[in-house]
Enquirer: 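Before I ask anything, let me first share the structure, which is written out below as structure tokens.
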Amino acid sequence: MTEGMVAKGLQDVVVDDTWICKIIGDVGKLYYYGYSIHDLAEKCSYEEVVFLLLKGKLPNKTELEQVTGDLKQARGLPKEVTDVIRGAPKGSIPMDVLRTAASALALTDAKPNDDSPEGRYRKAIRMVALFPEIVAADYRLRRGEQPVAANPKLNHAANFLYLLHGKEPGADAARTMDVALVLHAEHDFNASTFTARVIAATMSDMYSAITGAVGALKGPLHGGANEGVIKTLLEIGEPAKIKPWLTEKFKEKNFRLMGFGHRVYKTLDPRAIVLKKYSKKTGEERGTTKWYEMSNEIEGMMKGREKPLYPNVDFYSASTYFMMGLPPEIYTPIFAVARVVGWCAHVIEQQTHNRLIRPAAEYHGEIDKPFVEIGAR
Ligand code: ACO
């Protein structure tokens, strides 16, 4: 067969030019518009990164005020979208609710197909501003609580925690969320971003592209892995059980340890390095570093294997969020809250330099088979 001739999973296939993000997988480097992820995570707010990704440069003070104001002005979920969330059957998966509500945002935009530069920026800001409100409204409603309105005093990350819990977060929690949002904001042609670009390349609208991206992110091989990580840690339960648990699991055919491995990074994911610090710090603040310690031990074991595996971004975000008191089902939605700006930046880039994305496939069936009438089959 011609298996070797196809680029299975499009691995290493360069499909387009981009100016947004660069990953150097062999040495674990990640840049947004040329800026190292370490600098951005330690020194920038999410609002600065939103401006960077949508405008291609870091904002000065006036521009930062402008983008912060734009984000605040775009807050306020339309009633129709809240009603969609309220109407979700009990037990719906939060990512399914987010995907449906993201699609509903298009119905409440007077100009969903405005593809002028201003129109694209407005739609991107609107989705960045409203994704936290969707996730938080769903979070509260499934707990029997009413959604709360955004708090105009708070920045994007702190406001997200406020929307979830209905009270102002402490400075540490707000900063940790800010860092997590920055780290997850962008990652070149990953599966969900590529999905968004494929949809955008048909010159469909930005809402359709982002809705598709949410669906792609949900999968456990992509953004869904962070929920899998905490479930794994909870299932293992105790440090003493790590080794026997892993030994048993790795006997299973096709077993995948969530939060490990990456298509592009062949060493530590730089985002995991930052999140590891926050996992430890948040654990210390909350009075237990158990989940951090267990994660650290698993990391050591996986690195020591004959075929080493390294943690990706989802590994230490899980114990960080858990220590922040957040339940597993919201981890992938948090990823989407952060990544929506990266998706929007790619939709804009795709449509600015567009060519329809339409790959080819290696067909293995027969052709020109004699047609058999239904009665003779
Ligand atoms: N656990 C166990 N084995 C693994 C893992 C893992 N997490 N990741 C890779 N491998 C092994 C595979 O079994 C395979 O082994 P083989 O060569 O003996 O058959 C080898 O490593 C290569 O794996 P592929 O699936 O071909 O690598 P690919 O680049 O396609 O996969 C992926 C990348 C999907 C992320 C994979 O590492 C994985 O499934 N990880 C677990 C899920 C996860 O954490 N996803 C989040 C990724 S980051 C993100 O999307 C935000």
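Note that the structure is predicted; figures quoted are calculated from it, not measured. We count ligands from 1, going down the list as the structure has it; atoms in each ligand are counted the same way. Computed from heavy atoms alone, side chains included, the values below leave out hydrogens, waters and symmetry copies.
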Enquirer: For the pair His165 and Tyr139, name the ring-plane relationship: parallel under 30°, tilted 30 to 60°, perpendicular over 60°.
Expert: perpendicular
Enquirer: What is the ring orientation for Tyr46 with His156, classed by angle as parallel under 30°, tilted 30 to 60°, or perpendicular over 60°?
Expert: parallel
Enquirer: In order of chain and number, which residues sit within 4.0 Å of ligand 1 by heavy atom?
Expert: Pro220, Leu221, His222, Ala225, Phe250, Phe255, Arg256, Leu257, Met258, Gly259, Phe260, Gly261, His262, Arg263, Lys307, Leu309, Asn312, Val313, Asp314, Phe335
Enquirer: Which Ile, Leu, Val, Met, Phe, Trp or Tyr residues join Leu163 in one cluster when any pair of side-chain heavy atoms under 4.5 Å counts as a link?
Expert: Val148, Leu154, Tyr162
Enquirer: Which residues pass the ring-ring contact (aromatic ring centres under 6.0 Å, His included) test with Tyr331, sequence neighbours left out?
Expert: Tyr321
Enquirer: Just by distance, no angles: are the side chains of His222 and Ser192 close enough, under 3.5 Å, to form a donor-acceptor pair?
Expert: yes
Enquirer: According to salt bridge (charged side-chain N to carboxylate O under 4.0 Å, His left out), who are the partners of Lys251, at least two apart in sequence or on a separate chain?
Expert: Glu248
